[in-house]
Amino acid sequence: MSEKNLTGLDEIVSLSKARGFIFQSSEVYGGLAAVYDYGPLGVELKRNIQANWWKAMTQAHDNIVGVDAAIFMHPKVWEASGHVEGFNDPMIDDKQSKKRYRADMLIEQHILKLREKGKDEKADDLQQQLDTTGTRKGLCEDLYDIIMAEEIKSPDSGAFDWTEVRQFNLMFKTHYGATSKDDDDIIYLRPETAQGIFVNYKNVLDTARVQVPFGIAQVGKAFRNEVVARQFVFRMREFEQMEMQYFVEPGTDEEQYDAWLNKRMAWHKSLGIREKNLRVAPHPDDKLAHYARAAADIQFKFPIGWQEVEGIHNRTDFDLSRHQEYSGKKMEYFDQREQKRYIPYVIETSIGLDRCTLMVLCDSYREEEVDGDTRTVLKMHPKLAPVKAGIFPLVKKPELQELARKIEAELKEDYTVQYDESGSIGKRYRRLDEAGTPFCITVDFDGLEDNTVTIRYRDDMRQERVSVDKLDAVMRDGMKNWKSPLD
RNA sequence: GCGGGAAUAGCUCAGAGGUAGAGCAUCACCUUGCCAAGGUGAGGGUCGCGGGUUCGACUCCCGUUUCCCGCUCCA
C-alpha cells in the first residue's frame, strides 16, 4: 500500500471543509482573519480530545482539581502578570531593511550618540521630549515626530524610510459596562487561562482539602492579537487552552518539572500520535519567558514543520508572588507537618486544544492506493473518532433496514453512530473512512437467520463476522487495544 | 506589517470583453449481495467584495477583504 505524504495543510483544510470538521469564521461575509469554527465532525473530535485530557489530568490523579474561571478578569490581574507592560512596545519598521525596532529605543540610542559627541544640551532636550511622549498628540505620534524631526536613521540599513509607529498590544480590549466609553473602564479578554488558576489558588486551597503538591486544571478560551496569525487553526486569535498548574514546594520544582514533561509526552503517545512525529524541544535559557526558570515544548511534525503543541514551564513563584504584591493578599502555603511557610513554585503544562486537534488530523491523514483507487482515511485513535460506527443495510430492503435500525438504536446509547443506506456499500465505507470512523457494521440476509453482521475495520479494511450481541464487546476491545498503524 | 502569488458550484479545477463549465460531492427514484466508479433526473454560482473604464466586465484598471509562500514577530 503506497502513501502520499502531506506537503502542506491544503489537504487538511480541504477535507476539513468538505467533511465538516473546520470552517472559516463568518465565511459568508468574506471570512474573519485567523478565526475558525468547528463543524459537526470537528466539534466531536475536539470534545473527545478535551474529555480525554480532562480525565487524564483530573480523574487519574487524586490531587488535581478543576476550575472554570471567567474570561473577564480584574484589570489589575494583567498588571500583576506582566502582560500590560510587556505587550505595549511601540514599534517602527525600516521599509528598506524590513527590520523592526522599538521606537523609544531608537531615540535613546540617538541620545547616547549625541552625548558621545558632546552635544549634551541637545541630548537633554531630546530626553525631555522622550520622557513626555504621550502628552502631545499620543504615544505613537509623539515618538514618530521625534524620529522625523531628528532624522534618526535605521541602525542596519542607514536608511531614513520609516513606517509610522505602531503599538503591538497582544491583548484584546473591551469596555466593561453597557454605557462605558472611558479608558478607565477598559478590561481585557484574557491572553492566557493560567491567571484564572492563580487568582483562585487561595480559594481552592481553602475549600478543596488539597495539600502541596497539588494541581489545578482548566480548559478555556484565550485571546491574543497576534501580529501574524496564520496557518489554519495553528495560530488563531481566539483559541482554547488546556492548562494545569502544579503547585510544589520550592526545591522540588526541578524534579517535578521533569516528571510532568515525561507524563505529558506519554499522554500524546496515548492519543495514538506516532512517535516519529513527536519530540521535546527545550528552550535555551536566553529565550525563556520573564516568569520561567525552565521551559520545553512538546512539538509535533506538522506538514509546515516541527511546531509547538504543548509547553511545560517552571514558572517559579513569579505569578503568586506578583499577585501577593499587587493584591495585598497572602499567597503563602503553610505546611503543618514541617511547620513552614512558603509561596509554592508552579509547574505549568499548557496545551493548545486547537493545535492538538490539528495534530490528530495531520497525524492520522492518509491517502492510500487501493486497487488503483485512492482511499482517503483518517487513522486516528478510535477513542477520538467523531463517529464510532457506521451502520448499513447491505441493500435497501425493509428486513435489512429494520435490523440495522435496531442495532443503531442499541449502539446509540453508548456511541456516536451513523446510519447510512445510500449508494453502494463500498462508497459508504469510504465515506466514513474520511471521517475517521473505526468500525462499520453491515447487515445482510444471512444475518437475519443467525443474528450476525459483518464488522469492517477502518485501518486495514478487514472484515469479520460477529454476532449482534457481541458488537458492543468487539467495539470496546477494538478501541482499547488499538495500535497506531506503522508506516 | 512588508514583498510575492491566489480567489469561478460544497471540494478540486478549466474557461473567457458579449452575462459560465467539468469531475467529484449532495438530494430523489430505480439499481446494487461487501470496498468510491450502474441508470435517470434534480438542486446549487449576481465568477470574494466595492468602485472605475466600456454599448456591454467574471475577464481590463484601482481599492479592499480573505487565503497561501517568504520575511518579521511570537509570554
Side-chain angles (χ1 to χ4, degrees), chain A residues 7-11 13-20 23-36 39 78 81-83 85-87 89 91-102 161-166 168 170-171 191-192 194-195 222 224-232 235 283 287-292 295 304 307-308 311 313 315 318-319 348 350 368 370-377 392-397 400 421-434 440-447 453-458 460-465:
Chain A
T7 51
L9 288 172
D10 287 358
E11 287 95 337
V13 174
S14 295
L15 180 77
S16 290
K17 187 164 183 209
R19 292 279 100 164
F23 308 117
Q24 190 176 15
S25 164
S26 318
E27 209 182 2
V28 293
Y29 288 103
L32 183 63
V35 184
Y36 290 89
W78 306 112
S81 72
H83 284 82
E85 195 184 0
F87 278 173
D89 303 335
M91 307 296 282
I92 190 166
D93 291 2
D94 173 10
K95 290 183 191 169
Q96 303 276 315
S97 68
K98 312 290 182 207
K99 296 270 185 196
R100 176 169 293 160
Y101 303 92
R102 268 179 63 173
D161 190 8
W162 298 107
T163 63
E164 56 194 60
V165 175
R166 290 176 305 255
F168 289 83
L170 268 69
M171 286 200 289
E192 65 174 20
Q195 299 304 326
R224 288 181 200 170
N225 250 325
E226 298 285 355
V227 178
V228 176
R230 225 184 258 169
Q231 275 150 343
F232 202 40
R235 182 171 286 117
H283 289 199
K287 285 252 184 179
L288 290 179
H290 64 271
Y291 53 71
I304 50 175
Q307 300 281 354
E308 174 187 0
H313 293 86
R315 291 184 80 130
F318 176 85
D319 298 278
E348 167 184 88
S350 175
E368 297 176 344
V370 181
D371 299 331
D373 211 31
T374 302
R375 177 173 90 120
T376 301
V377 54
F392 317 141
L394 185 56
V395 291
K396 259 189 250 181
K397 294 285 189 231
L400 300 185
E421 57 178 31
S422 79
S424 72
I425 189 70
K427 202 172 250 189
R428 284 176 264 167
Y429 286 147
R430 298 297 177 84
R431 194 148 41 203
L432 282 184
D433 284 342
E434 288 191 357
C440 286
I441 295 156
T442 301
V443 178
D444 61 14
F445 286 106
D446 296 342
V453 292
T454 303
I455 185 162
R456 177 266 195 187
Y457 297 93
R458 174 198 66 198
D460 51 11
M461 299 185 287
R462 183 164 52 90
Q463 299 194 127
E464 227 173 55
R465 199 72 195 171

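Bear in mind the structure is a predicted one, so any value in this text is a computation, not a measurement. So you know, we letter chains A, B, ... as the sequences are listed, proteins then strands, and number each from 1.
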message: Can you work out whether A:Phe445 or A:Tyr36 has the more 5'-proximal nearest nucleotide on RNA chain B?
response: A:Phe445

message: What's A:Phe392 touching, base or sugar-phosphate or nothing? Going by heavy atoms closer than 4.0 Å.
response: nothing

- request: Specify whether A:Tyr429 and A:Phe392 have parallel, tilted or perpendicular ring planes, treating 30° as the upper limit for parallel and 60° as the lower limit for perpendicular.
  value: tilted

statement: Heavy-atom nearest nucleotide on RNA chain B taken for A:Arg235 and for A:Gln463; more 5' hit belongs to A:Gln463

message: Nearest to the side chain of A:Leu394, heavy atoms from C-beta on, is which of B:U32, B:C34, B:A36?
response: B:C34

Passing option when A:Asp433 is tested against A:Arg375, A:Arg458, A:Arg428 for side chain to side chain donor-acceptor pair (under 3.5 Å): A:Arg375

query: Is A:His83 side chain donor-acceptor paired with the B:A75 base, going by distance under 3.5 Å alone?
result: yes

task: Could you measure between the two P atoms, the one in B:A20 and the one in B:C58, and give it in whole Å?
output: 10 Å

task: Name the closest nucleotide to the A:Lys17 side chain, picking from B:C34, B:G10, B:C27.
output: B:G10

message: Donor-acceptor check, side chain of A:Arg456 to backbone of A:Cys440, threshold 3.5 angstrom: yes or no?
response: no

message: Using 0.5 Å steps for rounding, measure from the CD atom of A:Glu368 to the CE atom of A:Met461.
response: 6.0 Å

base_contact_polar (B:C35 base, A:Asp433 side chain, donor-acceptor, <3.5 Å): no

message: Does B:U12 have OP1 or OP2 under 4.0 Å away from a side-chain N or O of A:Ser14?
response: yes

task: Answer yes or no: does a side-chain N or O of A:Ser424 lie under 4.0 Å from OP1 or OP2 of B:A37?
output: yes

- prompt: Could one point to a donor on the side chain of A:Arg456 or the base of B:C34 with an acceptor on the other under 3.5 Å away?
  reply: no

query: Starting at CG of A:Asp373 and ending at P of B:C24, how long is that distance when rounded to a whole Å?
result: 12 Å

- prompt: How is A:Ala222 classified with respect to the nucleic acid when contacts are heavy atoms under 4.0 Å: base, sugar-phosphate, or nothing?
  reply: nothing

task: Would you indicate what A:Gln231 reaches in the nucleic acid, counting non-hydrogen atoms under 4.0 angstrom: base, sugar-phosphate, or nothing?
output: sugar-phosphate

message: Looking at the base of B:C34, is there any donor atom on it, or on the side chain of A:Thr454, that sits under 3.5 Å from an acceptor on the other one?
response: yes

task: Check step by step if side chain to side chain donor-acceptor pair (under 3.5 Å) holds for A:Tyr36 and A:Ser16.
output: CA-CA 11 Å; A:Tyr36 290 89; A:Ser16 290; over 6 Å; no

query: Just checking A:Ile425: base, sugar-phosphate only, or nothing, at a heavy-atom cut-off of under 4.0 Å?
result: sugar-phosphate

query: Rounded to whole angstroms, how far apart are CD on A:Gln24 and P on B:C68?
result: 8 Å

- prompt: Contact class for A:Glu27 (heavy atom, under 4.0 Å): base, sugar-phosphate, or nothing?
  reply: nothing

query: OP1, OP2 of B:A25 versus side-chain N and O of A:Lys427: anything below 4.0 Å?
result: yes

- request: Mind checking A:Glu434 for me? I need base, sugar-phosphate or nothing, with any heavy atom below 4.0 Å counting as a touch.
  value: base

query: When you check the phosphate oxygens OP1 and OP2 of B:U26, does a side-chain N or O of A:Arg431 lie under 4.0 Å from one of them?
result: yes

